[in-house]
Amino acid sequence: MTAIQAHFRAVAPPVVLMGAVLVLWQVACWAYPHPEPGPVSVAATLLHLMGKAYFWHNAAATGRSFLLASGISIAVGGALGLLIGSSRLLSWYLAPLLMIFQTVPKITLYPIVLELFGLGMAPKVAFGVMHGVIPVYFITSRLVAGVRKVLLRSARVMRLGAAERFYFVIVPAILPDMIATLRVSVALCLLGVLIGEMFASHSGLGFMAVNAINLGDTPVTLAVGFFLAFMAVGINTLLLYCEHKLRH
Amino acid sequence: MTENGQTDVPCVELRQVEQRFTTRKGGNVHALGPLDLTLRRGEFLSIVGPSGCGKSTLLDILSGLARPAAGQALLNGQPIRGVPDGVGIVFQEDASFGWLTVENNIAFGLKRRGLARDDIAARVEHALDFMGLRRFRTSYPSQLSGGMRQRVCIARTLVMRPSLILLDEPFGALDQQTRLLMGDELLRLWRETNATILLITHSLDEAVMLSDRIGVMSARPGRLIKLVETGWPRERDSTVVSSPHYGDLLSEIWAPLRAESNHHMAANNA
């Protein structure tokens with residue numbers, strides 16, 4: 001099997017599954033006619049929206065917040081995971097606190113976020129980070145703690161110091177699984193950003209979807225949903241490709 | 001130097017070495033010793049003993065990964081503190097780095113030590129040839145068999161040119177046929193590098209076939225209860241298994257080991 005075939009095999013299943021769901025949905029619409037639009041009609045609405053500047057303005061607002069929230073979640077969650085996963089002392093003190101924070105429903109904290117950051121991009125990013133950072137931390141710390149001891153012992157016998165073992169052994173050992181973690185965490189970041197846009201924002205795809213719901217404009221609501229679903233599948237597929245590339 | 005390629009100069013000396021561990025429940029486990037052992041420079045010595053007798057603990061002390069609770073461990077006359085220079089270790093578990101190709105695995109320690117690029121390339125080329133890995137230089141460990149991966153680990157240790165090679169059941173996960181062949185390769189490696197080798201093994205066959213001397217350890221806390229000279233010539237290979245002397249040696253180390261293993265099992269069942 002060539003490398004391209006192997007990568008295709010890795011990324012094809014989610015794409016095929018999504019296509020199958022759309023086909024089934026459309027067939028159901030034809031078989032049982034009802035007022036709600038089917039995928040073909042939603043796609044037509046989406047194409048129409050994509051010709052409008054305000055759609056791209058909102059998509060860009062969501063994209064910026066999402067990228068920033070994902071970047072912060074990965075950097076902060078990853079750093080916390082690497083530190084706490086490799087230190088029993090830090091794990092004793094910090095791990096329980098972080099897990100308690102994860103059990104709190106984030107939506108209950110949104111008024112505090114608004115109080116702290118006001119309206120605009122900052123609260124959306126903060127809310128996205130609140131959703132994404134703990135899963136990144138948690139999985140990274142588990143991965144670090146799970147690095148096979150024999151690899152670390154080998155590195156010690158080769159007289160690598162703690163920093164070298166960290167950089168040359170721990171990080172590359174966990175990297176493929178880290179990418180798998182990112183697939184989960186960026187989806188949560190996107191969710192956080194969209195919820196933020198839905199509750200208190202003047203721009204973004206979440207804001208656009210809520211407006212359409214309030215106006216009873218189902219085709220636009222679903223078209224935005226379609227666009228977000230394609231974005232999510234696209235990002236997931238890209239990360240799956242990277243993960244597959246890193247696993248030898 | 002003797003006709004066996006050894007010298008009388010001690011490479012490793014263990015004087016009344018003991019190791020104890022504290023369990024999670026606060027108990028105290030006496031794992032090893034007191035143990036006295038001298039490993040001569042250029043010698044191939046194997047250690048056999050019942051499970052849990054402290055063989056791997058002994059290796060940890062010699063490689064500087066652990067400090068003895070009592071006694072003294074010396075390498076070339078100097079106390080072992082931290083991982084000493086000139087010691088290489090091959091573990092039973094696969095320790096190859098899965099994210100690196102075979103050649104980058106072999107070069108890993110050399111690069112970290114900051115050797116010149118030409119020197120690294122020359123040593124890696126030699127190791128690839130020596131261990132029969134040339135065809136697999138760009139392969140990743142996951143694309144290799146268990147035996148080939150162990151060769152990569154041995155090659156990675158060899159390129160560092162250690163004067164003392166510690167082997168912790170390196171062929172434990174391999175089938176009998178591969179073990180015999182790897183044993184031949186190990187003997188060739190030992191002859192060509194003039195290194196001192198300490199092999200920890202469960203396999204009596206392996207110990208008898210490969211070693212100049214075999215140390216038999218007691219059940220925990222592991223003490224040396226017998227040292228057997230095999231008398232094999234330096235130029236030897238796996239064909240020694242058909243020699244009548246091979247069976248005699250096997251019996252000689254099995255007798256005390258059998259008693260110890262029975263004692264260990266009885267203690268576990270009590």
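Each chain gets a letter, A, B and so on, in the order its sequence line appears, and its residues count up from 1.
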Under 4.5 Å heavy-atom distance to chain A, tell me which part of Ser96(B) shows up: side chain, backbone, both or neither.
backbone
Just wondering, are more than 12 heavy atoms of other shown residues or ligands nearer than 6.0 Å to CZ in Arg142(A)?
no
Testing the basics here: between Gly64(B) and Arg156(A), what is the closest heavy-atom pair and its distance to 0.1 Å?
O-NH2, 4.3 Å
Does Arg123(B), at its CZ atom, have more than 12 non-hydrogen atoms belonging to other residues, nucleotides or ligands within less than 6.0 Å?
yes
Given that the side chain runs from C-beta out, which part of Pro84(B) has a heavy atom under 4.5 Å from chain A: side chain, backbone, both or neither?
backbone
Roughly how far, to the nearest 0.5 Å, is CE of Met158(A) from CZ of Phe108(B)?
5.5 Å
Please say whether more than 12 non-hydrogen atoms of neighbouring residues, nucleotides or ligands are located less than 6.0 Å from OH in Tyr167(A).
no
Which atom names give the shortest non-hydrogen contact between Asp94(B) and Leu151(A), and what distance separates them?
O-CD2, 4.5 Å
More than 12 heavy atoms of other groups within 6.0 Å of Arg134(B) CZ
yes
To the closest 0.5 Å, what do you measure between NZ (Lys149(A)) and CZ (Phe91(B))?
13.0 Å
Nearest 0.5 Å, please: how far is CD in Glu164(A) from CZ in Arg112(B)?
6.5 Å
Identify the heavy atoms of Trp99(B) and Phe168(A) that sit nearest to each other, and give their distance.
CZ2-O, 3.4 Å
Using modelled atom types only, decide if a donor and an acceptor are shared between the side chain of Arg159(A) and the backbone of Val83(B) within a distance under 3.5 Å.
yes
Considering only heavy atoms from C-beta outward, does the side chain of Arg156(B) approach that of Ser154(A) to under 4.5 Å?
yes
Selection from Asp85(B), Val87(B), Thr157(B) maximising heavy-atom pairs under 4.5 Å formed with chain A
Asp85(B)
